2 protein chains.
Amino acid sequence: MVTIKDVAKHAGVALSTASYALSGSDKVSPKTRELVLQAAKELNYQKNGFAMDLKRKSTKTILLILSDLSGPYYSELIRGTQEVTLSNGFDLIACSSVGGADSTAYKFLQERRVDGAIVLDPNISEHLLRESAREGCPIVVMDRYVEGDFIMNVAADNVQGGYEATRYLMDQGHRDIAWIGGPSNSLGSQHRKEGYLKALQEEGIANTKWMLVGNFTEEGGYHSTKVLLMQEERPTAIFYGNDEMAIGGYKALREFGLSVPEDVSIVGFDDIQVAEYLSPPLTTVRQPKYEMGTMAAHLVFQAMGGEYVNKSYKLKIELIERLSCQPPRLAPNRGKGMET
Amino acid sequence: MVTIKDVAKHAGVALSTASYALSGSDKVSPKTRELVLQAAKELNYQKNGFAMDLKRKSTKTILLILSDLSGPYYSELIRGTQEVTLSNGFDLIACSSVGGADSTAYKFLQERRVDGAIVLDPNISEHLLRESAREGCPIVVMDRYVEGDFIMNVAADNVQGGYEATRYLMDQGHRDIAWIGGPSNSLGSQHRKEGYLKALQEEGIANTKWMLVGNFTEEGGYHSTKVLLMQEERPTAIFYGNDEMAIGGYKALREFGLSVPEDVSIVGFDDIQVAEYLSPPLTTVRQPKYEMGTMAAHLVFQAMGGEYVNKSYKLKIELIERLSCQPPRLAPNRGKGMET
DNA sequence: AAAACAAATCGAAACGTTTCGATAAATTTC
DNA sequence: GAAATTTATCGAAACGTTTCGATTTGTTTT
């Protein structure tokens, strides 16, 4: 392993001089700089980044923690954080919490391998977050709420999103609107439901019979929808906690011989990529992912710089109107049990 | 910043003893171990990972380089590498080459911050790869071919894929098959085209008039398809270099009043997530992404262990039959110019 | 109770950098 | 051409760990 020491020796200068030369300091004369650079090239010298970080007491990298590195969900959000990070001269690396306490996320947070983190992952414990966040490593947590020093929160305004989606359906005349939510540990899902209930209450509707939970997967949406459809009375519209579940819903409805939007209107949440390719294209609610990403990154840098920053941010959400909704039929929908 | 030194002092033991205690060595008595752990907790001690790596001369992490962290393309592949990496007790971090020579990818490779790398990115120069690959850091390059010590290659057998897709169309009776390929710097696209031509040649078809290039985007596919359709004579089938372009093709065909598969059969490449949700669902060619991922990771570990490994691997590809193809009409397709 | 041995603890070197303060060399000033 | 000043180079300490070999402490054996 060739180190700076070898380079120095090979160039016939002191180790410190080699260091200056390699880092482009002007303390060194042009000709020795050349000498050192030449030596480095000949020996194929590669600096050891850790040693540098150790001495410098800074890593210039920030960590993005995702619950699943391979998820398609994050695309725009990542792009946002990446752009900001890069333009601040920092590096961005991503990892996941797969593996629990042995996961890469834990290791990198606990071992102070980064100067900041953006967490988009419900699996990282609050304890770890509070333990790891410090002056030299502010943390932004997305889509959940965690209090602590050097911890900030960024989320979409899920309550508003839930409210607007429901309102949209009600404006079309729907009154029997079902909710199929995500897992109860998802704060986002809870908030969406809250918005949903708020909208219903405004019209004096107290709906309890059409509220189910899925698990944010297509499979879960499929099953919950089936359960829903087997009930005596059917809703005229279904609002899903996310798009994946809505996809499952499409499938279940098809199996029941019901068509979207003629028989049942559907609204999803997230606006994932496939949403616009479904038939019919899915009306859904879009979170401002890109903006969330840039905002998170900016917050990290501000906190690093010691600037005062608000602890918690909520970003506005937008309804994407496609073709999965229409006004309900006049007659109420009556269930007839399973048809398959 | 509290270091192990502080912990040792607080516990009233030597620094080295503290180190042993913290790393769970049995050289230390149970009661002092307890003492040290207690002190560490009280001071909220967090070990400095770099210092450790520096001393240990190993990082136990491998790097996954993607051309774009936010791309949906990699999902399965990432899952594969992640599983293998984790089960070997290593960590996986991902980064992108956005930013060129200042990118995170460059920094991490050049500064020896990892013990191995998997590269899925055409933008990383061969030079950098050869420079960075070494005994302590083997590199697996995917979907391209790079020679060098400690560099291995894993790719899907694109020639075979191109061949089978074309063969499939020909077996249905198609003879006028167009090719809309990706950018010419993509080795994969070249290979697919090679397979396509091979299949055609077997039947003695020398097709030159229906070969176009897109840029692997929906937009590119859309435009190339338009160009294709404006020609005098039209093919009965189109084979796209990837699925995104096929999506653009669907759109262009619709605008020309042509329907899939009645008027034109279509085959894509990649089997991205949306493919099955298109209407009609897209017949396409699936690369064994997951297997490619696990294989890449395994190779890295084998090379680390000093085991001899073949330099280059090709994995078989699979045709996914959906509904975008059918036998051609008897009469040849005649173009009538633009209709919009 | 002294000798022999094992167990627990310690001190110090090392990993590969950066950077400060000191020295040596080159340049300017009088 | 000696003194003062600038410029270039150097040596050494520091960053926070791990780990080797040495020392101390405690336990067993004779």
Side-chain angles (χ1 to χ4, degrees), chain A residues 1-37 39-40 43-61 107-108 110-115 134-137, chain B residues 1-37 39-40 43-61 107-108 110-115 134-137:
Chain A
M1 213 73 307
V2 27
T3 76
I4 202 173
K5 199 169 159 185
D6 303 314
V7 174
K9 195 181 296 174
H10 195 258
V13 301
L15 188 154
S16 48
T17 310
S19 174
Y20 285 126
L22 287 169
S23 56
S25 158
D26 54 356
K27 293 183 71 173
V28 81
S29 77
K31 91 174 181 301
T32 50
R33 187 206 314 296
E34 200 43 55
L35 211 61
V36 172
L37 259 40
L43 300 176
N44 187 28
Y45 166 70
Q46 296 182 267
K47 97 157 29 163
N48 182 318
F50 299 138
M52 186 183 85
D53 289 348
L54 181 58
K55 190 79 235 286
R56 288 234 172 109
K57 290 161 158 279
S58 106
T59 67
K60 296 215 110 192
T61 88
K107 169 166 154 184
F108 272 68
Q110 278 182 322
E111 299 184 354
R112 333 154 123 243
R113 288 167 183 274
V114 289
D115 289 349
R134 60 199 150 81
E135 168 120 43
C137 182
Chain B
M1 215 71 304
V2 28
T3 76
I4 201 172
K5 198 170 161 185
D6 303 315
V7 175
K9 195 181 297 173
H10 195 259
V13 302
L15 188 153
S16 48
T17 310
S19 173
Y20 285 127
L22 287 169
S23 56
S25 158
D26 54 357
K27 293 183 70 174
V28 82
S29 79
K31 91 173 181 306
T32 50
R33 187 204 318 293
E34 201 44 54
L35 210 62
V36 171
L37 259 41
L43 300 176
N44 187 27
Y45 166 71
Q46 295 182 269
K47 97 157 30 164
N48 182 318
F50 299 140
M52 185 184 85
D53 289 348
L54 181 59
K55 189 79 234 286
R56 288 233 172 109
K57 288 159 158 283
S58 104
T59 68
K60 294 216 115 195
T61 88
K107 170 166 151 183
F108 273 68
Q110 279 181 322
E111 299 183 353
R112 333 155 125 244
R113 288 167 182 273
V114 289
D115 289 350
R134 61 201 150 79
E135 168 120 41
C137 182

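Keep in mind it's a predicted model, so treat the numbers as computed, not measured. A note on names: the letters A, B, ... follow the listed sequences, proteins ahead of strands, and every chain is numbered from 1.
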Between [X] ([atom1]) and [N] ([atom2]), how many Å, whole number?
{"X": "B/R33", "N": "C/dA7", "atom1": "CZ", "atom2": "P", "result": "15 Å"}
{"X": "B/K31", "N": "C/dA7", "atom1": "NZ", "atom2": "P", "result": "15 Å"}
{"X": "A/K9", "N": "D/dG11", "atom1": "NZ", "atom2": "P", "result": "13 Å"}
{"X": "A/D6", "N": "C/dC15", "atom1": "CG", "atom2": "P", "result": "11 Å"}
{"X": "A/D26", "N": "D/dA8", "atom1": "CG", "atom2": "P", "result": "8 Å"}
{"X": "B/M1", "N": "D/dG16", "atom1": "CE", "atom2": "C1'", "result": "12 Å"}
{"X": "A/L54", "N": "C/dC15", "atom1": "CG", "atom2": "C1'", "result": "9 Å"}
{"X": "B/F50", "N": "D/dG16", "atom1": "CZ", "atom2": "C1'", "result": "12 Å"}

inquiry  = Over the length of the helix from C/dA1-D/dT30 to C/dC30-D/dG1, how much do the five-pair end axes diverge, rounded to 10 degrees?
reply    = 50°
remark   = Residues passing the side-chain hydrogen bond (donor to acceptor under 3.5 Å, both in side chains) test with A/S29, sequence neighbours excluded, are A/T32
Residues that B/T59 engages under side-chain hydrogen bond (donor to acceptor under 3.5 Å, both in side chains), provided they are two or more places apart = B/D115
Write out a two-atom table: protein N or O, nucleotide N or O from nucleotides 18-25 of chain C, distance below 3.5 Å.
from, atom 1, to, atom 2, distance (Å)
C/dT18, OP1, A/K47, NZ, 3.4
C/dT18, OP2, A/S19, OG, 2.7
C/dT18, O2, A/K55, NZ, 3.0
C/dC20, N4, A/Y20, OH, 2.8

note = Distance col, row A/D26:CG vs A/Y20:OH, nearest 0.5 angstrom, shows 11.0 Å
note = To the nearest 0.5 Å, atom CZ of A/R134 lies from atom CD of B/Q46 at 5.5 Å
inquiry  = Taking salt bridge (charged side-chain N to carboxylate O under 4.0 Å, His left out) as the cut-off, I'd like each qualifying pair that reaches into residues 43-55 of chain B, sequence neighbours left out, listed once.
reply    = A/R113-B/D53
task = Output the single nucleotide from C/dT17, C/dC10, D/dC10 whose closest atom is nearest the side chain of B/V13.
result = C/dC10
remark   = The salt bridge (charged side-chain N to carboxylate O under 4.0 Å, His left out) partners of A/K107 (sequence neighbours excluded) come to B/D91
Side-chain donor/acceptor pairs under 3.5 Å, residues 1-14 of chain B, sequence neighbours excluded:
from, atom 1, to, atom 2, distance (Å)
B/T3, OG1, B/K5, N, 3.1
B/D6, OD2, B/T3, N, 2.7

request  = State which residues pass ring-ring contact (aromatic ring centres under 6.0 Å, His included) with A/F50; sequence neighbours excluded, sorted by chain then number.
outcome  = B/F50
If you restrict it to nitrogen or oxygen atoms, what contacts under 3.5 Å exist between nucleotides 25-27 of chain D and the protein, and what is each distance?
none

query = At under 4.0 Å, does any side-chain N or O of B/S29 touch on OP1 or OP2 of C/dA7?
reply = no
message = Please classify the nucleic acid contact of A/Q46 as base, sugar-phosphate, or nothing, using heavy-atom distances under 4.0 Å.
response = sugar-phosphate
Can you sort out the partners of [X] under side-chain contact (heavy atoms from CB on, under 4.5 Å), two or more places apart, ordered by chain and number?
{"X": "A/E135", "value": "A/F150"}
{"X": "A/Q110", "value": "A/Y106, A/L128, A/E131"}
{"X": "A/L37", "value": "A/L22, A/R33"}

